[in-house]
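The structure appears below as structure tokens.
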2 protein chains.
Amino acid sequence: MSSGDLEVRQLRYFVAVAEELHFGRAAARLGMAQPPLSRSIRELERQLGVTLFERTTRQVRLTAAGEVLLRDARTALEAVTAAAHRARQAGSASPRLRIALKADVDGGLLPQILHTYGADGASLPSELVLGGFGEQPQALRDGIADVGLVLCPFDGRGLDSEPLLTEPVLVALATADPLTARTRLSLADLAGRKLPGGSPASHGRPVERPSRTEAEWPASNLSEIFSLVETGSVVFFAPASVARRYPRPGIAYRPVSDLPDATLAVAWPQEARSPAVAAFVRAACAVAAAGHARTEALLQSPTP
Amino acid sequence: MSSGDLEVRQLRYFVAVAEELHFGRAAARLGMAQPPLSRSIRELERQLGVTLFERTTRQVRLTAAGEVLLRDARTALEAVTAAAHRARQAGSASPRLRIALKADVDGGLLPQILHTYGADGASLPSELVLGGFGEQPQALRDGIADVGLVLCPFDGRGLDSEPLLTEPVLVALATADPLTARTRLSLADLAGRKLPGGSPASHGRPVERPSRTEAEWPASNLSEIFSLVETGSVVFFAPASVARRYPRPGIAYRPVSDLPDATLAVAWPQEARSPAVAAFVRAACAVAAAGHARTEALLQSPTP
DNA sequence: GCCATTGATACCCTGGTGGTATGAGTTCGG
DNA sequence: CCGAACTCATACCACCAGGGTATCAATGGC
């Protein structure tokens with residue numbers, strides 16, 4: 001037995017094959033030829049003493065053990081890449097707090113949060129890490145960012161989080177859309193409308209892992225999405241704070257009665273121990289609480 | 001840059017050097033020569049673009065980036081070995097639920113828990129994984145066990161847990177000990193007495209990572225410890241349920257007034273999704289709740 | 001100032017890792 | 001029923017990464 005322990009390369013290969021369920025495609029994705037990949041998987045199975053795939057010449061399927069390994073291998077790979085990224089960051093000449101978020105999806109709190117955070121003694125210079133919908137948790141797990149603003153629900157494996165604010169979700173329609181005649185819509189009204197994601201309007205964000213390439217998204221940023229909305233080719237669900245930021249003449253926003261409110265949260269890796277992360281979380285919670293209190297006050301006393 | 005990504009071997013090497021702070025000793029521990037180890041660390045630093053150690057010929061110190069990497073590398077290595085162990089287990093012909101505990105430290109609940117668990121439809125045959133004090137959390141992180149019984153407080157990184165029962169801690173003394181004359185003791189009374197761990201009685205269990213070899217523990221199991229207690233060479237702190245199990249004539253148990261109660265908890269890896277683990281946790285909580293209710297009843301109605 | 005200690009450098013060599021060519025089994029069309 | 005296409009496995013080869021040995025160089029203690 002030369003077994004001893006697994007290597008990262010073996011895990012990468014395994015995940016590639018497990019995701020493609022096809023040795024040739026997996027090899028292509030890995031930039032290598034198929035035979036060494038087959039051999040490597042076989043060697044992995046030998047080391048583990050376990051069959052990971054059931055192969056026919058026409059089909060490759062994961063065994064139960066393979067399913068288990070796929071899950072654990074993914075988290076192990078995340079942990080390794082996170083170690084690398086965090087070490088690089090910690091060794092850099094100018095250490096920074098890297099904040100992951102989707103551009104404009106900050107509930108309008110970001111400037112205030114940054115201000116409060118900057119006043120904290122434990123604060124480091126901050127840096128924004130912008131990413132697409134739902135990519136923030138992965139960025140945190142991979143060590144690309146230290147803390148993030150995310151929309152609930154999100155994939156919280158290995159993360160801790162604290163909710164900041166909850167706000168209604170509006171639908172953005174072209175002003176020309178007949179539905180704008182109504183002041184309130186339901187999901188049923190929107191059935192069949194296309195979403196920027198490309199898929200028909202079922203509701204909610206894509207839950208599966210976003211391994212798809214950017215190319216599949218016809219529009220990757222909100223400006224482009226709202227341009228599409230303006231032309232009437234798609235509709236788009238946006239939290240109220242995002243809607244406030246894009247008050248275009250060609251777009252109308254309407255509340256959706258049966259869509260749950262969107263909750264913005266601050267999230268960070270569970271094992272995070274950095275004082276800067278703690279300071280940012282403190283600042284975010286404080287700003288959210290202040291905003292909440294202000295809203296409450298407005299509601300309580302309509303005539304101040 | 002041939003960097004791309006880290007390899008497990010590099011992380012193992014780094015952790016060894018970071019723990020030993022000495023290339024020669026680290027190399028010996030890894031079963032290899034010193035020069036390739038030095039070269040490997042240098043290559044790692046080059047890949048990361050970060051200095052991990054400050055070396056003089058007389059001293060090796062971790063840099064800040066090194067500290068960060070040490071923490072993350074440990075968790076990454078845990079994740080990798082866990083993946084291997086869990087895959088092996090999942091692929092075995094007779095899958096089992098592996099329960100980690102320290103022998104006899106189960107609050108007397110284990111038989112009942114196993115009985116209840118066995119009646120659950122989702123249950124698998126169970127297997128006990130016995131380990132020393134505080135080794136259970138590590139066993140769970142390394143994928144050696146699926147669920148465990150642990151004493152609080154414990155190193156809960158990556159684990160979820162549920163408390164089961166809380167009971168007072170007694171001190172075990174030789175019957176010949178003059179302190180047995182008193183019915184109640186405080187920690188101050190025991191100052192200076194030796195504990196089985198070898199260190200003087202400060203109180204509590206060793207908190208640092210138990211990487212020490214078994215040889216450092218003069219007694220590795222409770223039978224041996226209680227033999228030492230009988231001879232008067234050490235005293236020993238034991239939860240009441242453990243004391244009940246060793247009612248030896250040569251040993252007297254006394255409550256310790258200023259020692260916090262011991263809490264037994266059931267713990268499992270956060271990412272665990274197995275129905276068998278869920279069934280065991282359910283069973284453990286149910287049995288604990290039942291026992292708790294029984295105790296309450298006894299206290300409420302002293303004359304039934 | 002000499003010596004012991006310890007990390008770095010130089011060099012060699014083995015084995016693992018990847019490439020190419022090809023075989024073998026399965027499925028589908030005719 | 002046969003052949004073509006597809007796909008995974010096997011055989012064999014080549015390269016270099018990773019480990020070993022010998023040695024140097026720098027530092028600190030006596």
Side-chain angles (χ1 to χ4, degrees), chain A residues 1-48 50-63 65-66 69-70 73 77 80 84, chain B residues 1-48 50-63 65-66 69-70 73 77 80 84:
Chain A
M1 281 242 228
S2 78
S3 53
D5 45 36
L6 265 40
E7 273 302 330
V8 168
R9 184 176 32 76
Q10 297 178 288
L11 292 181
R12 285 200 198 292
Y13 290 1
F14 168 74
V15 170
V17 176
E19 284 179 356
E20 300 285 347
L21 290 180
H22 189 291
F23 281 78
R25 278 196 300 274
R29 196 173 107 183
L30 293 166
M32 65 186 293
Q34 166 259 318
L37 177 59
S38 286
R39 200 180 46 189
S40 192
I41 296 292
R42 227 167 233 307
E43 169 65 16
L44 175 62
E45 290 179 319
R46 197 194 61 77
Q47 281 180 24
L48 294 175
V50 160
T51 308
L52 298 170
F53 296 102
E54 283 175 16
R55 304 109 143 123
T56 355
T57 50
R58 308 298 291 181
Q59 191 170 11
V60 175
R61 275 206 316 275
L62 271 175
T63 63
L69 183 61
L70 179 55
L77 290 176
V80 171
Chain B
M1 281 246 226
S2 80
S3 51
D5 46 36
L6 266 38
E7 273 302 330
V8 168
R9 184 176 31 77
Q10 298 178 286
L11 293 180
R12 284 199 198 293
Y13 291 0
F14 168 75
V15 170
V17 175
E19 284 179 357
E20 300 285 347
L21 289 179
H22 190 291
F23 282 78
R25 278 197 299 275
R29 197 174 106 184
L30 294 166
M32 66 187 290
Q34 168 260 320
L37 178 59
S38 286
R39 202 181 45 189
S40 192
I41 297 291
R42 224 165 236 309
E43 169 65 16
L44 175 62
E45 289 178 320
R46 196 194 61 76
Q47 282 182 22
L48 294 176
V50 159
T51 309
L52 298 170
F53 297 102
E54 283 175 18
R55 306 108 141 126
T56 352
T57 52
R58 309 298 291 183
Q59 192 171 7
V60 175
R61 277 205 315 277
L62 270 176
T63 63
L69 184 60
L70 178 55
L77 290 177
V80 172

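Numbers restart at 1 for each chain; the letters A, B, ... are given by sequence-line order, proteins then strands.
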Notebook entry, point to check: Would you find a donor on one side and an acceptor on the other, under 3.5 Å apart, between the side chain of Q34(A) and the backbone of G24(A)?
Noted result: no

Checklist line | N/O donor-acceptor pair under 3.5 Å between Q10(A) side chain and E7(A) backbone | finding: yes

Without decimals, in angstroms, what is the distance between [X] [atom1] and [N] [atom2]?
X: R9(A); N: dG15(C); atom1: CZ; atom2: C1'; value: 13 Å
X: R42(A); N: dA11(D); atom1: CZ; atom2: P; value: 12 Å
X: L37(A); N: dT10(D); atom1: CG; atom2: P; value: 14 Å
X: R39(B); N: dC24(D); atom1: CZ; atom2: P; value: 19 Å
X: I41(A); N: dG18(C); atom1: CD1; atom2: P; value: 11 Å
X: E45(A); N: dA9(D); atom1: CD; atom2: C1'; value: 13 Å
X: R12(B); N: dG19(D); atom1: CZ; atom2: C1'; value: 17 Å
X: E43(B); N: dA8(C); atom1: CD; atom2: P; value: 14 Å

Checklist line | Upstream residue (5' side of DNA chain D) when E7(B) and Q59(A) are each assigned their closest nucleotide | finding: Q59(A)

Next item on the list: Under 4.0 Å between any heavy atoms, over every strand shown, what does Y13(A) touch: base, sugar-phosphate, or nothing? Just pick one.
Entry: sugar-phosphate

Notebook entry, point to check: Within the structure shown, what part of the strands sits under 4.0 Å from T56(A) by heavy-atom distance: base, sugar-phosphate, or nothing?
Noted result: sugar-phosphate

Next item on the list: Return yes if the base of dT6(C) and the side-chain atoms of R58(B) contain a donor-acceptor N/O pair under 3.5 Å, otherwise no.
Entry: no

Notebook entry, point to check: How do R25(B) and M32(A) order along DNA chain C: which one's closest nucleotide is nearer the 5' end?
Noted result: R25(B)

Margin query: Between T57(B) and P35(A), which residue's closest nucleotide on DNA chain C lies nearer the 5′ terminus?
Written below: T57(B)

Margin query: Working note: Q47(A) + E43(A), criterion side-chain contact (heavy atoms from CB on, under 4.5 Å); need CA distance, chi angles, decisive distance, verdict.
Written below: CA-CA 6 Å; Q47(A) 281 180 24; E43(A) 169 65 16; 3.2 Å; yes

Next item on the list: Please check the phosphate of dT7(D) (OP1 and OP2 only) for any side-chain N or O of R55(A) closer than 4.0 Å.
Entry: no

Next item on the list: Please determine if a side-chain N or O atom of S38(B) lies less than 4.0 Å away from the OP1 or OP2 oxygen of dA8(C).
Entry: yes

Next item on the list: Specify whether F23(A) and F53(A) have parallel, tilted or perpendicular ring planes, treating 30° as the upper limit for parallel and 60° as the lower limit for perpendicular.
Entry: perpendicular

